[in-house]
Structure formats: C-alpha cells, structure tokens
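Order of the sequence lines sets the chain letters (A, B, ...), proteins ahead of strands, with each chain counted from 1.
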Amino acid sequence: MQLNAPQQAAVDHREGALLVLAGAGSGKTRVITSRIAALLKSVPAEQVVALTFTNKAAREMRDRVMEQVGRASAKGLIVSTFHSLGVRILRREIERLGYKGNFSIYGEADQRRLIKDLLPLRRQERGSAQEVEEVLARISSAKNRMQTPETFQPNRHDECDLLTAEVYPRYQQGLKACNAIDFDDILLLTLQLFASHPAVLRQYQQQFRYIMVDEYQDTNHVQYCLLRELSAIHGNLCVVGDDDQSIYGWRGAQAGNILDFEQDFPGARVIKLEQNYRSTGRILAAANALIEHNPGRHEKRLWTAGEQGAEVVYRCCDDGEDEAMAVVAAIHRERYRHQLSYRDFAILYRTNSQSRAFEEQLRYENIPYVLIGGQQFFDRKEVRDVLAYLKVFVNTQDEVNLLRILNYPKRGIGESTAQRLIALSVERQQPLWELMQGGDLAQPLGEKAAQQVEAFIQLMQRYRRACRHGERLTATMEELLKELRLEDELYRQADDPKQARRRVENMHEVVNALSSYCEREAVPTLEGFLEKVSLLDRDEPLRNNKEEKLKQDAVVLMSLHSSKGLEFPCVYLVGFEEGTLPHSKIIDEGGDIAEERRLCYVGMTRARKQLMLLGAARRRRYGRLQPQTASRFLEEIPEPLVRREGQAEATLSSPEEQQQQASDFFARMRSMLKEEKAETS
DNA sequence: CCGGTATACCTTTTT
DNA sequence: GGTATACCGG
C-alpha cells in the first residue's frame with residue numbers, strides 16, 4: 001500500500017522538529033517505521049532513537065523496521081521505552097549520583113512497604129493502607145512534576161499533603177539507603193544526571209541525532225524535559241500522537257505537551273493525518289460526534305474513503321449477566337454470518353473487574369478467550385516473594401526485600417526479632433546484612449532467635465555466591481526453592497488446593513522465565529533478569545506475552561486502556577453506564593470527564609467493521625445489586641448515528657432483589673441497635 | 001511466634 | 001465478592 005500525501009510528507013521530513021497529529025487508525029505506525037527506514041539510508045543506525053511507552057510497541061516497531069530495511073541495517077538502532085532507555089543510561093552513570101550500579105528497581109509493592117515502615121516514625125497512629133496509598137500517589141505525582149523532597153510544596157490546608165511533606169524526604173533517603181530507585185526515579189534521576197553533569201548530557205546529545213516519540217500525548221513533564229534536553233543541539237525531534245487519545249492524565253501525562261508543541265519547539269512543522277484506514281463511515285461518525293464534545297482539542301476530523309458499513313448499536317440489558325449473554329450471542333451470530341475467527345472479537349471494559357461475567361459466560365459456551373491485563377503476574381504475592389530473594393542476592397542493601405523474606409517461609413524470626421534487628425542496625429549505624437553476618441546476636445535477640453538468624457544468613461550467603469556463576473542460574477534457583485520448601489508453604493497457606501496449585505505454578509513460572517532469559521542472553525546475569533522483569537509492561541506475563549495471546553484464536557477481553565493501539569473487526573464496548581464509563585470515582589471527585597470521553601473514543605475507534613455499545617439497567621457493585629442509568633456519552637451521540645435497542649427499566653422485582661432489600665433492612669436495624677447501645681453505655 | 005477468625009476496605013485505568 | 005489487615009487464643 002502506498003503512503004498518502006501527508007504520510008509521505010512526514011516520512012520525508014528530515015531536520016528540525018516535527019509534530020505528526022495522527023488520528024486513530026490513520027497509519028501512524030507505518031509513518032514512524034517508514035521514516036526510520038528512510039533515515040537509515042543515510043544516517044548510522046546508532047544515531048536514531050525511537051521511544052515508546054510499552055515494550056510491545058517497541059518490539060513491534062523494531063520488527064517492522066527490520067522488515068523494511070533488513071536486520072543488518074537496523075543494527076544499533078535504539079527502539080525502546082522511555083524507562084528502558086533511562087535504566088540503560090543509569091546503569092552506566094548512576095554512581096555519579098551516589099547510588100551503586102547494582103541498584104534495585106522498586107515496584108509499587110516495594111514502595112508501599114517502605115512507606116508503611118516510615119509512617120509510624122512520625123505519628124502515633126499506625127499508617128493505614130489508605131494513607132500509604134495516598135502518600136505514595138502524592139510522592140509519585142510530585143516526582144512527575146519534578147518536585148524533589150527539598151522543593152516539594154505542600155498545600156498547608158491539606159492534611160495528607162503535609163504528611164507527604166514529612167514522609168517524602170525519608171522515603172527518598174530510605175530508597176538511597178537500600179540502593180534502590182522507584183519507577184519515577186528512573187526518569188527523574190536521568191534528568192538530574194543530565195542537569196548536574198553537562199558533559200554526560202552532551203555525549204548523549206551527540207549520540208542521539210534523530211529522536212522519535214510515539215504516543216507523545218502520553219508524555220509527562222519529566223519525559224518532556226528529557227526530550228527537550230536531548231534534542232537541544234540539533235532539534236531533530238519528531239513526535240507522533242493524538243490529543244484525542246490522551247488517557248493517562250491520572251498518571252501525570254500532560255496532553256498540554258502535544259497541544260503546545262509548536263510553541264515549545266519554534267519552527268516545528270505540523271502534519272495532520274486525518275484519513276482513517278481502519279473503521280467504517282458509521283463508526284467514525286459516531287466516534288467523531290462523541291469526541292467533539294471535548295473542549296480545547298487540536299481540530300481534527302477523521303474521514304474514510306471506505307464504506308459506511310453496519311449500524312452502530314446501543315443495547316440496554318437487564319443486568320450484568322444479561323449483558324454477557326447478549327455479547328456472546330452476538331459473537332456467535334456474527335462469527336457465523338461473516339465467517340470470522342474468534343480473534344476478530346474484542347470485549348472492552350472500563351475496569352478489569354468487569355471481565356468476570358464475560359469469562360463465565362464464554363467458558364459456559366465453550367468459546368476460547370484470552371484475558372489481557374488484570375491481576376498482574378508480578379503483583380502476585382508468591383511471585384514477589386521469590387523475586388525478593390533474587391533482589392537481595394544482587395543488592396544486599398535492599399532491606400525492604402531483605403525484611404520481606406527474613407521470615408518467609410516461616411523460620412521463627414518473628415516481628416519482634418525483626419524490630420530488634422532494625423533497632424540494633426540503627427543504633428550501631430550498620431546495615432542489616434552486615435549486622436546479621438557479624439554474629440554475636442545471642443544477647444540482644446536471645447539464643448534461639450540468634451540461631452535462626454545465623455542459619456538464614458548462611459543460606460543467603462551460600463546462594464548469593466552460587467548466583468555469581470551465570471551458567472547455573474536456573475539450577476541454583478530450583479535448588480533454592482526446594483531447600484526453602486516454598487511449595488509446601490504455599491499448600492499450607494492456601495485454603496483451597498486448586499488455588500495452591502495455581503500459586504505453585506506461578507512460582508515455577510518465575511524459574512521458567514529465568515531459564516528462557518538465560519537461553520536468550522549471551523551473558524545472562526541475575527541483575528539483567530531482574531531488570532527485565534522490573535521493566536515489563538503490566539500486561540505481559542513473562543513468556544506468553546500480549547502478542548502471543550493475541551495470536552491464538554480466541555476472543556480478547558481487556559480494559560479500554562490496554563486496547564489503545566489495537567484494532568478488531570468487531571468490538572463490544574460494555575458497561576456503557578454512568579458510574580462505570582464515566583467512572584463514579586471521577587464523577588464524585590470532580591475528575592476529568594473529558595479524559596473519560598477520550599477513553600470511550602479510544603474504545604470506539606478500535607472497531608473496524610462493527611461496534612456495539614452495551615449497558616445494564618442494574619448491576620452488582622460491591623456485591624450489591626444497584627440500578628444503573630445509561631452513560632451520558634450515549635446522549636452525546638445523536639440518534640441516527642447509534643441505534644437504540646432494548647429498553648429495560650430499572651424495576652426492582654426479582655426474588656433476589658427482594659431478598660437483597662430485606663437483608664439491607666436488617667443490616668440497617670442492626671447498625672441502629674449498635675448505635676443505641678453505644679449511646680447508653 | 002503462629003494460625004485462626006473477624007473486619008474493613010474496596011475497584012478506575014498502568015509505564 | 002474479594003482481599004489485606006487486626007486481633008485473639010493457643
């Protein structure tokens with residue numbers, strides 16, 4: 001297929017800043033890969049950098065460039081995520097900032113643990129889970145705004161902000177003491193490195209002569225600054241994106257970056273791609289009608305030379321189960337009518353918890369499906385526990401993880417012993433690892449505990465040494481799991497043997513991942529493995545990653561966020577209700593409705609041939625059945641563009657609902673009685 | 001120190 | 001309806 005005129009213009013652009021405003025389905029990826037291919041004809045590959053947000057996007061882009069220019073010409077080309085590039089730079093340069101090269105990368109679980117331990121230091125009340133979560137979010141957002149512990153400006157009238165101001169410096173010190181950095185630090189420290197070491201910056205400026213950025217609308221302020229620094233000399237920055245698809249504002253992305261590009265990089269050329277090659281006319285018309293309700297966009301109107309296609313349908317179902325049945329029925333029907341494969345269908349939802357009803361229905365009907373995202377592999381406790389051992393082997397300063405495994409599996413080193421060790425470590429100004437190694441702990445800890453600690457540290461030393469030899473990594477790890485008897489531990493903990501088996505499987509999946517990493521890599525190291533694992537996209541479980549999953553012939557289930565960048569012949573956008581599609585959290589807390597609208601727009605524009613919107617008249621939320629109303633976005637798409645089907649009313653009549661009402665009544669009575677009691681006593 | 005049960009809280013979206 | 005924490009008894 002040939003490039004159209006604006007696409008070609010973007011590919012041919014060479015020097016200076018370029019903004020490509022690429023509407024959904026306008027052949028954006030093709031433009032980027034073609035432009036890289038064109039550059040490689042006259043520029044050494046190692047001077048070209050393409051940055052993406054997900055590993056999958058990076059891999060895809062790299063593959064497509066190689067298809068066009070061949071493996072040899074692409075050698076040295078950097079296609080990577082922002083975070084991978086950051087880590088790559090930091091591994092080489094971080095000692096200039098006072099960290100050591102074997103630093104750990106802390107995910108949310110590690111961060112939470114660290115903050116949790118910090119909170120009670122300052123306050124008598126113990127840090128509740130909510131508080132930890134809130135403080136963590138604020139620290140992260142501060143980092144995204146480039147506020148350090150020193151420059152953080154709390155809102156004086158905001159309790160939580162003041163707490164954050166106290167915790168933030170300690171948190172950052174804690175990280176450094178553990179020789180660890182968090183996800184936001186990856187980018188922030190890279191930027192700080194550049195600021196404090198101009199010579200280092202210059203070196204990278206000279207190396208990266210042509211910089212391209214995909215999904216520019218998702219960049220946050222730190223990423224923007226990095227790009228500005230790196231392109232400062234030559235100005236060869238080409239960014240591609242679509243402000244209408246900016247859906248990561250909650251994570252600090254600034255759609256302003258793409259709206260202000262022309263002011264930030266004077267002389268920038270702007271090219272709009274508005275011809276859509278993906279969806280039918282009717283789907284585009286509906287999506288356009290919706291997105292036009294958003295203020296302050298780059299004016300853009302998608303059009304297609306293709307056919308009008310089938311009607312877009314909205315269907316109101318009785319409840320969640322009915323909705324699932326309707327989708328499955330539609331899949332059966334369309335598959336038969338148009339000779340489609342299962343993989344041609346996608347079910348998209350706002351929250352991951354919505355997947356359950358569809359999974360059940362699909363399983364019931366024996367339809368193969370794949371679930372993308374959701375409960376993440378690396379968030380699972382059993383996986384994190386194993387990884388914690390590996391992290392400590394690499395970085396013995398990593399006390400967050402050291403404390404995590406100190407008594408896992410249970411080895412008689414309980415909470416009080418741990419606290420005594422920590423106190424001792426503070427008192428003697430000695431890292432925990434050294435303290436435990438030093439022996440002589442019988443007095444402070446007691447004979448028995450000291451013995452257990454001794455045994456623990458012996459074991460750790462032994463395996464730490466064994467891990468140095470890259471050859472036997474996998475075998476060493478297998479031995480470790482065996483010696484720790486983690487499998488038994490998992491069976492003992494779980495109350496359901498099936499659940500236990502799943503956990504054991506997950507644990508072994510880590511070993512499998514390590515094994516396949518070792519096979520792939522020329523010089524495998526534990527460090528390298530952990531780095532890979534830390535930087536994985538949320539929804540690629542190690543080996544059978546997103547692509548492999550998509551290749552199977554199965555219906556795809558995923559969140560609207562995960563769906564960005566993908567396309568399917570038939571899309572079912574479910575939960576089209578107030579409180580779900582504009583999510584209640586956003587409605588209640590005065591969040592950004594426009595972003596919800598964009599999310600909806602992203603979902604709609606994934607569809608090539610057929611788009612169906614579904615909602616329910618009542619739905620179970622937190623286990624309660626509640627009446628629902630149609631999403632406000634439905635009204636924003638005028639009648640002829642979306643055909644309304646089904647008109648279930650929110651009537652309360654089923655036996656289940658009556659029972660629900662009764663139990664609600666008794667719950668109210670009980671709580672009233674409790675209050676009365678409290679008053680009288 | 002451990003394992004059990006009661007409980008509170010919760011659900012956005014994720015590199 | 002599910003998980004993470006709290007508290008209590010052994």
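In the set B/dT14, B/dT13, B/dT11, the nucleotide with an atom closest to the side chain of A/R251 is B/dT14. Taking the side chain of A/S416 as heavy atoms from C-beta on, and the options B/dC1, B/dT13, B/dT11, the nearest nucleotide is B/dC1. Of all nucleotides listed (B/dG3, B/dT13, B/dT11), B/dT11 comes nearest to the side chain of A/K585. Closest to the A/N407 side chain, of the nucleotides B/dC2, B/dT11, B/dT14, is B/dC2. Of the listed nucleotides (B/dT11, B/dT13, B/dC1), B/dC1 has the atom at the smallest distance from the side chain of A/T417. Closest to the A/H583 side chain, of the nucleotides B/dC2, B/dT14, B/dT11, is B/dT11.
Judged by the 6.0 Å distance and 45° axis criteria, A/R251 is positioned over the aromatic ring of A/Y248.
Of the side-chain N and O atoms in A/K381, none sit less than 4.0 angstrom from OP1 or OP2 of C/dT3. When the side-chain nitrogen and oxygen atoms of A/S562 are compared with OP1 and OP2 of B/dT14, one or more of them lie within a distance under 4.0 Å.
Atom CG of A/L348 and atom C1' of B/dT13 are 13 Å apart (whole Å). One interatomic measurement links the two molecules: CG of A/N55 to P of B/dT14, which rounds to 15 Å at whole-angstrom precision. In this structure, the CZ atom of A/R384 is 12 Å from the C1' atom of C/dT3, given to the nearest Å. Here the C1' atom of nucleotide B/dC10 and the CG atom of A/N352 are 15 Å apart, to the nearest Å. Nucleotide B/dT13 holds its C1' atom 12 Å from the CD atom of A/E108, rounded to whole Å. Residue A/Y349 contributes atom OH, which lies 17 Å from atom P of B/dT11 at whole-angstrom precision. Atom P of nucleotide C/dG1 and atom CD of A/E321 are separated by 13 Å, given to the nearest angstrom. Across the protein-nucleic acid pair, A/L581 atom CG and B/dT11 atom P stand 19 Å apart, rounded to whole Å.
Looking at which nucleotide of DNA chain B each of A/H561 and A/R411 is closest to, the 5′-most match is held by A/R411. Nearest-nucleotide positions on DNA chain B for A/L187 and A/G412 put A/G412 closer to the 5' end.
Partners of A/R632 under the salt bridge (Lys or Arg N to Asp or Glu O under 4.0 Å) rule, at least two apart in sequence or in another chain, are A/E578.
Rounded to a whole angstrom, the distance from the C1' atom of C/dA6 to that of B/dT11 is 22 Å.
Looking at heavy-atom distances under 4.0 Å, A/S353 makes contact with a base. A/I247 comes within 4.0 angstrom of nothing in the nucleic acid, heavy atoms only.
Side-chain N/O atoms of A/S416 and A/Q419 include no donor and acceptor closer than 3.5 Å. Side chain to side chain, A/S84 and A/R88 fail the donor-acceptor criterion of an N or O pair below 3.5 Å. Between the side chains of A/Q111 and A/K116, no donor N or O sits under 3.5 Å from an acceptor N or O. Side-chain atoms of A/Q217 and A/D243 form no donor-acceptor pair, as typed in the model, at a separation below 3.5 Å.
For A/W250 and B/dT13, the ring-to-base geometry satisfies the stacking test (centroid distance below 5.5 Å, interplanar angle below 30°).
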